[in-house]
Amino acid sequence: MTIINRTAKIPLSRPQQGLLLALLCYVLWCAGDAGVKTVAMDGVGPFETIALFSWISAALLVGLAAVRGNLESLKPVDMRMTLIRGATIAFAQVCIVIAFAHLSLALFYTIVFLSPFLVALGARIFLRESLPWGVGLAILAGFTGVVIAVDPVQIISGKGDLVGIIAATACAVGFSVGQLMLRRMSHTETSESLVFSVMIIAGVITSIPAFNAFASISWKTVVVLTLTATFATIANLAMAQAMRFTTAANVASLQYSQIIPGAIFGYILWSDIPTWNVWAGSAVIIAAGLVMAHLSHRLKD
């Protein structure tokens with residue numbers, strides 16, 4: 001169904017709907033990430049955090065499906081791909097918690113900005129989506145921007161947080177693989193199934209190492225993770241729908257919007273002020289991403 005802009009009365013195309021849904025997803029993810037970082041800063045381990053988050057998200061989806069009388073929508077079609085994607089996202093989520101315990105939100109997002117470029121490369125290799133030479137140059141520029149942001153000189157001198165940077169980079173890789181699989185699976189799976197199955201798999205995987213630590217979880221952590229899971233559930237459903245409406249590269253290009261709310265949340269909650277190299281690297285990455293998106297649209301036109 002075409003979404004109508006009530007103010008301008010202008011119908012939006014499917015690609016435009018996809019981009020708006022992706023933007024909503026990234027903003028909500030950022031709000032949820034602030035909750036996860038709050039839990040990580042309180043010393044809650046990554047396995048406990050993701051286990052609780054996953055089970056709460058799964059319960060929310062079951063409740064939503066039950067209210068709608070559509071529990072069948074939670075059942076996956078391709079179990080093999082579902083299991084692989086679930087394990088991949090579980091890995092990325094654990095890396096997120098580790099990274100948040102070491103990095104500011106702004107620096108984390110800057111490193112994770114590798115994802116759109118990795119998605120574009122993967123979409124060309126595995127999904128046969130177009131990748132013109134100009135986009136290839138934009139990808140190279142994006143990697144350069146990440147190098148500027150992480151400042152390898154600081155790492156070599158022992159002043160940078162290598163653990164956080166490695167965790168954030170691993171998260172970007174895992175997230176990119178998950179996005180590519182989501183793009184492929186969105187043609188056969190329901191949005192609810194795509195989100196629910198991942199939450200169940202991630203919950204099972206992370207609950208095993210976290211089992212003995214659940215007793216020490218505070219009610220504050222449960223409340224924060226419940227709010228986080230609510231934001232993430234809405235965001236994940238929006239992302240699954242966005243992938244039906246537009247290309248993986250176009251959806252990934254909007255990920256740069258996270259730097260703004262990320263910096264705002266970081267400053268308000270933890271008084272984090274991004275350093276000059278983080279802003280400079282982000283500027284290079286965002287410019288490269290916008291060029292990549294523009295070239296992709298021109299090729300389609």
Taking the side chain as C-beta and beyond, is there a heavy-atom pair between S218 and T221 under 4.5 Å? yes
Test T206 against every option in V97, L52, I201, I50 by the side-chain contact (heavy atoms from CB on, under 4.5 Å) rule and name the one that passes. I50
Do D272 and Y267 have side chains that get closer than 4.5 Å, going by heavy atoms? no
Check for a donor-acceptor pair, side chain of K37 on one end and backbone N or O of I96 on the other, with a separation under 3.5 Å. no
For the residue pair E48 and V39, establish whether any side-chain heavy-atom pair is separated by less than 4.5 Å. no
Please assess S54 against S57 for the test side chain to side chain donor-acceptor pair (under 3.5 Å), listing each intermediate value before the final yes or no. CA-CA 5 Å; S54 298; S57 296; over 6 Å; no
When you measure from the side chain of S193 to the backbone N and O of T190, does any donor-acceptor pair fall under 3.5 Å? no
Quick one: does N70's side chain get under 4.5 Å of S73's, heavy atoms only? yes
Where is the tightest heavy-atom contact between I200 and A58, given as atom of each residue plus distance? CD1-CB, 3.8 Å
What is the minimum heavy-atom distance between V112 and A172, and which atoms define it? CA-CB, 4.1 Å
Following the transitive rule for hydrophobic clusters with a side-chain heavy-atom cut-off under 4.5 Å over Ile, Leu, Val, Met, Phe, Trp and Tyr, establish whether V36 and F265 coincide in one cluster. yes
Are side-chain heavy atoms of F108 and H102 found at a separation under 4.5 Å? no
Check whether L24 and L60 end up in the same hydrophobic cluster, where Ile, Leu, Val, Met, Phe, Trp and Tyr are linked by side-chain heavy atoms less than 4.5 Å apart. no
Listed once per pair and sorted, the salt bridge (Lys or Arg N to Asp or Glu O under 4.0 Å) pairs that draw on residues 89-101, sequence neighbours left out: none
Looking at every non-hydrogen atom in both residues, tell me the closest pair between G32 and T228 and how far apart they are. O-CG2, 3.2 Å
Spell out, as yes or no, whether a donor-acceptor pair under 3.5 Å connects the side chain of Q241 to the backbone of G18. no
Are the side chains of S207 and W55 in contact, using a 4.5 Å heavy-atom criterion? yes
Is it the case that the side chains of T38 and W270 hold a donor-acceptor pair, with the cut-off being a distance below 3.5 Å and no angle test? no
So do the side chains of M199 and I56 get within less than 4.5 Å of each other, counting heavy atoms only? no
Hey, does the side chain of R85 reach the backbone of L194 with a donor-acceptor pair shorter than 3.5 angstrom? yes
Check whether E192 reaches the backbone of L61 with its side chain - one donor and one acceptor, N or O, closer than 3.5 Å. no
On a heavy-atom basis, which atom in I205 and which in A87 lie closest, and how many Å separate them? CD1-CA, 3.9 Å
Using modelled atom types and a 3.5 Å cut-off, is there a donor and acceptor pairing between side-chain atoms of D42 and backbone atoms of V44? no
Could you tell me whether the side chain of R68 reaches within less than 4.5 Å of the side chain of L64, counting heavy atoms only? yes
Least distance between heavy atoms, K75 atom then E189 atom: O-OE1, 4.3 Å
